[in-house]
Amino acid sequence: MSLIVQKFGGTSVADCEKIVSAARKAIRAQREGHQVVMVVSAMGKNTDVLVDLAQQVSDNPPAREMDMLLSTGEQVSVALMAMAIDALGSKAVSLTGAQIGIRTDSTHTKARIRSIETSRVKQLLDDGNIVIAAGFQGIDENLNITTLGRGGSDTTAVALAAVLDADTCEIYTDVDGVYTTDPRVLPDARRVPQIAYDEMLELASLGAGVMHNRSVEFAKKFGVPIHVRSSFTDVPGTLIVHDPESKTRPVSGAAITKKEARITLEGIPDEPGISLELFSRIAAKAITVDMIVQNISKDGKANISFTVPQNELKVTLDAVKQASELLKPENVTFDEHVSKVSVVGLGMATVPGVADKMFQVLSEADINIQAISTSEIKISVLVSQSDAQRALQAVHNGFELDVTPEDSPTEVSSVRVRDVTDPAIVVQRLREMEDLAIDDIELDRSQSLLLVRRVPDRPGIAAQVLNAVASKGINIDVIIQNVGRDNSANVSFTCPVGDYEKAFAALEEVVQEIGAGEVEGNREAAKLSVSGIGLRSHTGVGVRMFKALSSAGINVDLISTSEVRVNVIVDEHEGEPGLKALEAAFKDVLLDT
Ligand code: ADP
Ligand code: ASP
Ligand code: MG
């Protein structure tokens, strides 16, 4: 018998009428012959109401008590849902996270799932019940109630689908599918019939709130197809699966994080171990750092900039202060009114010129880019909050995301593809649940590193610099632009070693034109990459990398991070030792697929 997990978000259970309508959906699925597990969020904006209550009694509520409070929202919904189903004449049982046996670590308000019991749920299903699970919650080893982070009911749903070996996981929400960008922000966003796990993972982490990013990690790891659809209409919705919508389009979606903060440490020592000192302190607070940009200045000192969510700025600055005792930065600056605009697409990895195009489009819209960070399947730029909306609109138009690609599928199947049939591997993955899993560690020796100093910080400059190189047919890989200081910025990127001289010459020319500083480079550079799932949300990955490289005495020239990959650029002769160091550091989590 097939099993379906149906998840209903806050708006889908906002009032009693909607609860009854969700109950009917589950009963219908059961009558069609499926076993049904429902995962339910708190009603409407109830979680926000609870957060607000907490803030009225305390400026700094203890995280444990926050979880105690927030978990009650879901408890109300599951009980009402069970009553509604009972009143409609079917059998249902509601369960809290603890009653199911969703075990998590003890990181209150951001807990990760360690394991899930299946026996009670299976028994209840076999007895003909619809099982209604409270989303977003679990318990730790001391029986403390934990929550999985805002939006975490998606993760409960996909995790249950994984352990119960469900055939599909339906996410019922207030939009009728996944769009090329948030349709509430940009009305000309287009609903896509299908999107790849990796793309959704990036988009979710870069601001597309339609799915909790960790739910997509689960789905990818266990091959669970996610079907996002409307609670209120019968539109077919979107499938999140292995393959993208189009094989020809380089960009599949755009996302915006309106409220970001940028922090810069100026004038810190350029030595192995420095990034570690800083980021291990931030990671210890479970804060996700993004857009790490590091530049070496002339006097051998380094500047490091990075972004964090605006609401985590305060805690991050505390961590920076601790690290500063050792790093002794000449200056620490921050800007809490920046936004991150990103484009994502699997096709980007093979189609050149995407970054170029993005900078061009932004330049035409007269938008100044404060920082750039690219990786294989995403490009992010940091802009001022007041430019953010226009920037999103410009890239959405520029990549024609509102136009349906010719090879877009007309029909999509939601049948689960069980990609791993070896029971040992399935068991291994189940045991690991949300643990870190690394697929691959690679060394690419064919890279060169180029750097242009003191590029005037004004709209269109990044486009001009990179275009000078790209127009010579040179394939640019990792691109980093730091935050402008004294109205100037540094732009670094990598290109194939064979193109180094050509790129250097092109840069010297453009530097003349735009009045930038000198061009520098390292012909013999190497790229070390660690790829896996959810690397950025596992805040310890960067730390492990920096630790391994610094204990091997290796200095990192450039860093770029994404959800599925972390790249560092080092000197060529440190490539081999770097690879060895990373392999040793990640041995325990390297998947033997
Ligand atoms: P739920 O309460 O059902 O979990 P959420 O509010 O968490 O619903 O997620 C749905 C919302 O996600 C939509 O209302 C939409 O504004 C937002 N969203 C952001 N990015 C996207 C996107 N790319 N596609 C669809 N919706 C998006
Ligand atoms: N109720 C929780 C929240 O609002 C979890 C969820 O809805 O996914 O964040
Ligand atoms: Mg949600």
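As the structure lists them, so they are numbered: ligands from 1, and atoms in each ligand from 1.
At a heavy-atom cutoff of 4.0 Å, ligand 1 is surrounded by Lys7, Gly9, Gly10, Thr173, Asp174, Val175, Gly177, Val178, Tyr179, Thr181, Asp182, Pro183, Arg184, Ala208, Gly209, Val210.
Under 4.0 Å from ligand 2, the heavy atoms of Glu74 that appear belong solely to its side chain.
Applying the 4.0 Å criterion to heavy atoms of Arg150 picks out, from ligand 2, the atoms 3 (C), 4 (O), 9 (O). Set against the non-hydrogen atoms of Ser153, the atoms of ligand 2 under 4.0 Å away are 5 (C), 6 (C), 7 (O), 8 (O). Every atom of ligand 2 with a heavy atom of Ser41 under 4.0 Å away is listed here by number and element: 6 (C), 7 (O), 8 (O). Using a 4.0 Å cut-off to heavy atoms of Thr47, the atoms of ligand 2 that qualify are 1 (N), 2 (C), 3 (C), 4 (O).
Around CD of Gln56, the count of heavy atoms belonging to other residues, nucleotides or ligands within 6.0 Å exceeds 12. Atom NZ of Lys259 has 12 or fewer neighbouring heavy atoms from other residues, nucleotides or ligands inside a 6.0 Å radius. The environment of CG in Asp407 is crowded: more than 12 heavy-atom neighbours from other residues, nucleotides or ligands sit within 6.0 Å.
At least one heavy atom of Gly151 sits less than 4.0 Å from an atom of ligand 2. Within the 4.0 Å heavy-atom shell around ligand 2 one does not find Gly73.
Residues satisfying the ring-ring contact (aromatic ring centres under 6.0 Å, His included) test with Phe8, not counting sequence neighbours, are Tyr172. For Tyr197, the ring-ring contact (aromatic ring centres under 6.0 Å, His included) partners two or more places apart in sequence, or in a different chain, are His242. For Ser58, the side-chain hydrogen bond (donor to acceptor under 3.5 Å, both in side chains) criterion is met by no residue, not counting sequence neighbours.
Between Gln310 and the options Lys258, Arg262, Gln385, a side chain to side chain contact (heavy atoms under 4.5 Å, CB included) holds for only Gln385. With Val131 as the fixed residue, the side chain to side chain contact (heavy atoms under 4.5 Å, CB included) test singles out one of Val78, Val5, Leu95: Leu95.
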Trace of the side-chain hydrogen bond (donor to acceptor under 3.5 Å, both in side chains) decision for Asn397 with Gln393
CA-CA 6 Å; Asn397 289 352; Gln393 178 80 63; 3.2 Å; yes
